[in-house]
Amino acid sequence: MAQAVRFDRYGDIDVLDVVEVPDPVPGSGEVVVAVVAAGINPGETKIRSGALHDRWPATFPSGQGSDFAGRISAVGSGVSGLAVGDEVIGFTHKRASHATHVVASVDQVAPKPAEVPWDVAGSLFVAGTTAFAAVRAVEAGKDDVVVVSAAAGGVGSVAVQLLRARGATVIGIAGPDNQEWLRSLGVVPVGYGDGLAERIRAVAPSGVDAFLDFHGDGYVDLALELGVGLERINTVIDFAAVQKYGVKSEGNGAADTIDVLAELADLVAAGTLIVPIAATYPLAQVRDAYRELEQGHTRGKIVLHP
């Protein structure tokens, strides 16, 4: 039988278990992928805890995970151009990738470039498409100064590179352990905490044009304090601020297509996009993986190996 992460109630990491499940069978237009790597994401912790019940409720027992990369192990009827053994990168919207096997439709998988490491391929979808959508939402260009919160995290680390590729000047908010790494990407790092607005003004004396918030906890208010227009502030986490101020909230759902994922994978393959891998865990240690993620300050992605 296959194995998959399940939880049957909202709660802390102790509600997560790895259980045996029937081997998945592909339907028409679907493939089954034997998962090699599957990324984990902060949003999954909020879904599991019930914090996002009003927006994204769970149906119990619930699985987890959207990102994956692996090898096709079965092909359903009506599928062409894909075969058993093909290496693919993909995603699912059924909270099911934290498993040894996952079913996906043919429009949710693409060939994995050989130059893309498994861990990167398996953790690119949520972070990559979220960053892609956020950067696009604020229409960043070469004459812009853009501030990014949580700039070294899974989403932020991709977003700062996409912004730099557009020619923007990027100011990245991060802790001291990640500031030198951000400098290596051409980002101007600033430390979070008291006096942040003054530190940003010191490195951006002509002002800030756009703000990407990947952390929450008042960063939209900071963007407004810095004089950024509502139409050029994008948060993927502070939904209360979206409702209060009318700032943008474009994230994964605005760019969750296989074409965007394939484009990002090609950037990785070409060496123009770096996705740092903070840690890897076997599927059986899924609780430990989320324990590390929930401590914060992770550079890049944490990945499960089913």
Side-chain angles (χ1 to χ4, degrees), residues 41-43 45-47 49-56 126-127 130-141 143-164 166 168-179 182 187-255 293-299:
N41 297 283
T45 71
K46 297 182 183 297
I47 290 173
S49 72
L52 294 178
H53 175 78
D54 291 342
R55 183 176 290 265
W56 293 299
V126 170
T130 301
F132 184 98
V135 169
R136 182 177 61 187
V138 298
E139 300 179 352
D143 296 325
D144 288 325
V145 175
V146 186
V147 176
V148 179
S149 68
V155 179
S157 61
V158 176
V160 297
Q161 295 176 77
L162 297 179
L163 288 166
R164 290 292 297 138
R166 286 174 170 236
T169 298
V170 183
I171 299 170
I173 302 170
D177 291 343
N178 290 313
Q179 293 189 14
L182 288 171
V187 176
V188 180
V190 294
Y192 50 76
D194 292 343
L196 176 56
E198 289 73 19
R199 288 191 292 277
I200 292 174
R201 290 189 181 102
V203 297
S206 297
V208 174
D209 300 294
F211 199 111
L212 299 183
D213 172 34
F214 302 127
H215 186 270
D217 292 337
Y219 277 115
V220 170
D221 291 298
L222 173 64
L224 294 171
E225 180 184 345
L226 293 169
V228 183
L230 295 177
E231 74 284 357
R232 304 203 72 189
I233 301 171
N234 193 87
T235 180
V236 301
I237 191 169
D238 192 346
F239 302 118
V242 174
Q243 196 167 36
K244 180 178 181 179
Y245 299 118
V247 298
K248 292 183 175 180
S249 60
E250 294 187 22
N252 166 256
L293 179 70
E294 291 173 24
Q295 290 173 352
H297 309 293
T298 300
R299 182 190 300 171

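Hydrogens, waters and symmetry mates are skipped; everything else that's a heavy atom, side chains included, is used. These figures come from a predicted structure and were not determined experimentally.
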May I have the list of side-chain donor-acceptor pairs in residues 243-250 shorter than 3.5 Å, sequence neighbours left out?
residue: Y245; atom: OH; partner: D221; partner atom: OD1; Å: 2.5
residue: K248; atom: NZ; partner: A137; partner atom: O; Å: 2.6
residue: K248; atom: NZ; partner: E231; partner atom: O; Å: 3.4

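Here the CG-CZ distance, from D143 to R166, works out to 13.0 Å after rounding to the nearest 0.5 Å. Atom CG of L226 is separated from atom CD1 of I171 by 8.5 Å, given to the nearest 0.5 angstrom. Between the CG atom of N252 and the CG atom of N41 there is a distance of 8.5 Å, given to the nearest 0.5 Å. Note: T45 OG1 to L52 CG = 8.0 Å, rounded to the nearest 0.5 Å.
Considering only heavy atoms from C-beta on, L230 comes within 4.5 Å of L224 through its side chain. In this structure the side chain of V236 never reaches within 4.5 angstrom of the side chain of V155, judged on heavy atoms.
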Evaluate the criterion side-chain contact (heavy atoms from CB on, under 4.5 Å) for residue pair Y219 and L196; output intermediate values, then yes/no. CA-CA 10 Å; Y219 277 115; L196 176 56; 3.5 Å; yes
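Annotation: side chain to side chain donor-acceptor pair (under 3.5 Å) contacts of D144 (sequence neighbours excluded): R232. Residues that satisfy the salt bridge (charged side-chain N to carboxylate O under 4.0 Å, His left out) test with R136, not counting sequence neighbours, are absent from this structure. Listed by chain and number, the residues in a side chain to side chain donor-acceptor pair (under 3.5 Å) with R299 are N178 (sequence neighbours excluded). When the ring pair (Phe, Tyr, Trp, His ring centres under 6.0 Å) test is applied to F211, no partner is found at least two apart in sequence or on another chain. The side chain to side chain donor-acceptor pair (under 3.5 Å) test applied to D217 returns no partner, not counting sequence neighbours. Remark: E139 pairs with no residue by the salt bridge (charged side-chain N to carboxylate O under 4.0 Å, His left out) rule, at least two apart or across chains. With sequence neighbours left out, T130 forms a side chain to side chain donor-acceptor pair (under 3.5 Å) with no residue at all. Every side-chain contact (heavy atoms from CB on, under 4.5 Å) that H53 has, sequence neighbours left out, goes to Y10, P57. With sequence neighbours left out, A240 forms a side-chain contact (heavy atoms from CB on, under 4.5 Å) with D238. Take E225 and apply the salt bridge (charged side-chain N to carboxylate O under 4.0 Å, His left out) test, not counting sequence neighbours, and it matches R201.
Shown here for V187 and V170, the closest heavy-atom pair between the two residues is CG1-O, 3.5 Å. The two residues N234 and A134 come nearest to each other via the heavy atoms ND2-CB, 3.6 Å. Here the closest heavy-atom approach between residue A133 and residue A254 is recorded as CB-CB, 4.0 Å. Residues F214 and G156 come closest through the heavy atom pair CD1-CA, 3.7 Å. Considering every non-hydrogen atom in both A140 and L163, the closest pair reads CB-CD2, 3.4 Å. For the residue pair A159 and L212, the shortest heavy atom distance occurs at CB-CD1, 4.3 Å.
In this structure, R199 contributes its side chain and D194 its backbone to a donor-acceptor pair below 3.5 Å.
Tested against V190 for a side chain to side chain contact (heavy atoms under 4.5 Å, CB included), the candidates L182, I173, V147 yield a single pass: I173.
Among residue pairs with one or both ends in residues 207-216, those qualifying as side chain to side chain donor-acceptor pair (under 3.5 Å) are S149-D213, D213-T235; sequence neighbours excluded.
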